[in-house]
Amino acid sequence: MTSPLALWAGFECTLNRVGDAQHDQLELTGHYRRLDDLDRVAALGIRTVRYPILWERIEAQRAEGVHAPFAWHDAVMERMRTLGIEPIVGLVHHGSGPFGTSLLDPGFADGLAAFAREVAERYPWIRRYTPVNEPLTTARFSALYGVWYPHERDDAAFLRATLNQVRATRLAMTAIRVVQPDAQLVQTEDLGRTHSTPALRYQAAFENERRWLTFDLLLGRVGPKHPMYGYVRSRGISEHEITDAVGDGCPPSIIGINHYATSERFLDERLERYPPHTHGGNHRHRYADVEAVRVVEDGVAGPRALMLEAWERYGLPIAVTEAHLGCTREQQLRWLAEVWEAARDARALGADVRAVTAWAVLGTRDWNSLVTRIEGHYEPGLFDVRAPAPRPTALARLARSFATTGEGAHPALGAPGWWRCADRLLYRERDDDLRSASAPSHHDMASGRPILIAGASGTLGRAFARLCAARGLAARALSRHELDVMDRGALERAVAQHDAWAVINAAGYVRVDDAERDPLACRQLNALAAERLARTCGKLRIPLVAFSSDLVFDGMKHRAYVESDHVAPLNVYGRSKAECEARVLSAHSGALVVRTAAFFGPWDDWNFITRTLASLALGVPVDAADDLVVSPTYVPDLVHATLDLLIDGEHGIWHLTNDGECTWAELARMAARAADLDETWIRARPHTELGLAARRPRRVPLRSERGWIMPPLEHALAAYVNERPWLRLLPDEDLVMSG
């Protein structure tokens, strides 16, 4: 291997059918409205991209009478040529063909071959194709598990769907090579490994052989001596059906391995250990089928082992054609970095590994439900599409480093991924599994340079410390005694002592009404101390996060406030925060200033919702303002979003609140309903009757013009009720809610 390991990219492009609805990932992520997405990829130094020209989409447009159904793809392919990007074109991606056909239709293969010929004639310069993505995996979900169309659930249907897709691949490549004789097949498959208890080793062995079926069929290896041949024939599949699919074979030019943290499975007959939705079985045993990473204490095989297995079995060039993880940002970074290192290790051991593909350029939609429902669940990829234009994440920066230098670094890579930590284990593999006391957890393995958190005892400081530990991010939360934010040299000494890579300023003056009586203390903590921290971080060239408030606005706008709106505070606290913003950004252009509002969380007893629910549980009336409109914020969502932005290297002002606006009285009622408490105890009042010392703006809902990355308020309230043991009642005192 003379060429270095390459980084490719791929657009998650599933166009699958559930019932009579087709779910198109590129429509859901907005790609069809942005040709310049290709420029974003090219700017990362990536020169090979898995890209779809999907049979289902073209035929659907024809059925709708679209005059030029290839117009988008014409523009894309021309732009790729201009940018020097080589496409690997996919024609069916977890799909079942246009309406009128299916994976079990005898006409599926011939139809795809005709479409492939049309694509090749239109773009004769394209050399690489994946006619059908993951045939075996798609057949399992469509014809063995019944999740996708045509929703069959038996072995014969699964095998026929597999054979039909393999035949379609072979015929499509034959048709393409009439136009482009040098065309290469890049055949992809989700390649995992099955683990099991001793009693189910026979089933694990079967599944570990079955996983190679796509490649074995394309290589013409499935004959009477093949380990799967007896199984295939026993399910009523004729020898003619096998030979018709295989023909003279269609060897891949590159074996494409798609591997995820959940690709490896564990089978266990002890059903009582696992939730009912994991239960299944065969003709001999009932068993649970769960993610091996959640069970196998010694660890799963992982991508390096699977690459070496594929190399040993086939001796063909290999590429990891999908590397993606739907998780927090540092875990996404760790997964891509681990797969990259695994590919380098496999190359060092002699395997011809050509590339790793940073999958999901634009992220994915609703894969948490296996794209069976359109609910808006989004996982960012190299770019986050929840912004006016796709926003590069830390993954994009890591990808650029891999693509241009072969190396990559980020402070968040100092700890292993969650799949390497002991607290990943949800179930017991062995009866005598006592879990080694030395097995490290996320918290134990949060190594590397830490984030410094100023304000350890406050609501935000404690939340950041808790969630950094949960995410495996090294952090040091410092109390006022450990870090005096009024001391000019204290932060510099603390950063040097801990070798911190970032600072989160969660300290400050928070009592809005008390600030009217003590404006000097409020200004010193919220503005002047914040400026000192910013100057120090700017001098040390490390990121800083500071927090501001909706109270920097006067509430006179008739729409939600965005980041660029003019500030006009009405009270001392709001003026201190407006001054904080100006001083911090002037002192440190790389600072991230988060404006938020009305936050509530499960880990403190004094926020509005916790005290409201405690009062309602006691049957105590709650007074709440019905004329002040805010955007409530769930603290865990706020912390997660802030950490992601910090890791992404974002700066400037960002609005982070949950999606929704309401009065304090409406918020109290929503919380009561979520907790199944009697909302009639909530008494709506004008805020002027609540004895508030500081003036409040009437309407200060926040929206973001930079990117809306927080969940809806309803989701936040549900998460709060699920997390908070609020029935542990608070002292019956001072229970009038002011907002």
Are any of the side-chain nitrogens in Arg233 or Glu241 under 4.0 Å away from the carboxylate oxygens of its partner? no
Would you mind checking if Arg420 and Glu338 are paired as a salt bridge, meaning a charged N to carboxylate O distance below 4.0 Å? yes
For Phe108, ring-ring contact (aromatic ring centres under 6.0 Å, His included) partners two or more places apart: Trp55
Can you sort out the partners of Glu12 under salt bridge (Lys or Arg N to Asp or Glu O under 4.0 Å), two or more places apart, ordered by chain and number? none
What residue pairs, at least two apart or across chains, pass salt bridge (charged side-chain N to carboxylate O under 4.0 Å, His left out) with a residue in residues 216-229? Asp216-Arg313
Residues Asp20 and Tyr149: side-chain donor-acceptor under 3.5 angstrom: no
Side-chain ion pair, Asp248 and Arg170, N-O less than 4.0 Å: no
Does the plane of the ring in Tyr32 sit parallel, tilted or perpendicular to the ring in Trp72? Use 30° and 60° as the thresholds. perpendicular
Do Gln203 and Phe206 come within less than 4.5 Å of each other through their side chains, counting heavy atoms only? yes
Both conditions, 6.0 Å and 45 degrees, for the charged tip of Arg210 above the ring of Phe158: are they met here? yes
Is there a side-chain contact between Asp37 and Val361, using heavy atoms and a 4.5 Å cut-off? no
Quick one: does Leu159's side chain get under 4.5 Å of Leu213's, heavy atoms only? yes
Can you check whether Val320 reaches His259 side chain to side chain, under 4.5 Å on heavy atoms? no
Evaluate the side-chain proximity of Val293 to Phe266: yes if any heavy-atom separation is below 4.5 Å, no if none is. no
Quick one about Glu379 and Thr364 (side-chain donor to acceptor, distance below 3.5 Å, no hydrogens or angles considered), yes or no? yes
Report the residues that fulfil ring-ring contact (aromatic ring centres under 6.0 Å, His included) with Trp212, sequence neighbours left out, ordered by chain and then residue number. Tyr314
Contacts of type salt bridge (Lys or Arg N to Asp or Glu O under 4.0 Å), residue Glu121, not counting sequence neighbours: Arg117
Give the intermediate values and the outcome of side-chain hydrogen bond (donor to acceptor under 3.5 Å, both in side chains) for residues Glu152 and Ser142. CA-CA 6 Å; Glu152 297 290 338; Ser142 299; over 6 Å; no
Cation-aromatic face contact Arg270/Tyr427, 6.0 Å, 45 degrees: no
Look at the rings of His31 and Phe11 and say which category their plane angle falls in: under 30° parallel, 30 to 60° tilted, over 60° perpendicular. tilted
Flag for Gln184-Ser253: side-chain donor and acceptor within less than 3.5 Å: no
Report yes if the side chains of Leu325 and Trp418 come closer than 4.5 Å at any heavy-atom pair, otherwise no. yes
Within the 4.5 Å heavy-atom criterion, are Ile126 and Gln180 side-chain neighbours or not? no
Phe70: which residues meet the ring-ring contact (aromatic ring centres under 6.0 Å, His included) condition with it, sequence neighbours left out? none
His94 versus Asn133: any side-chain heavy-atom pair under 4.5 Å? yes
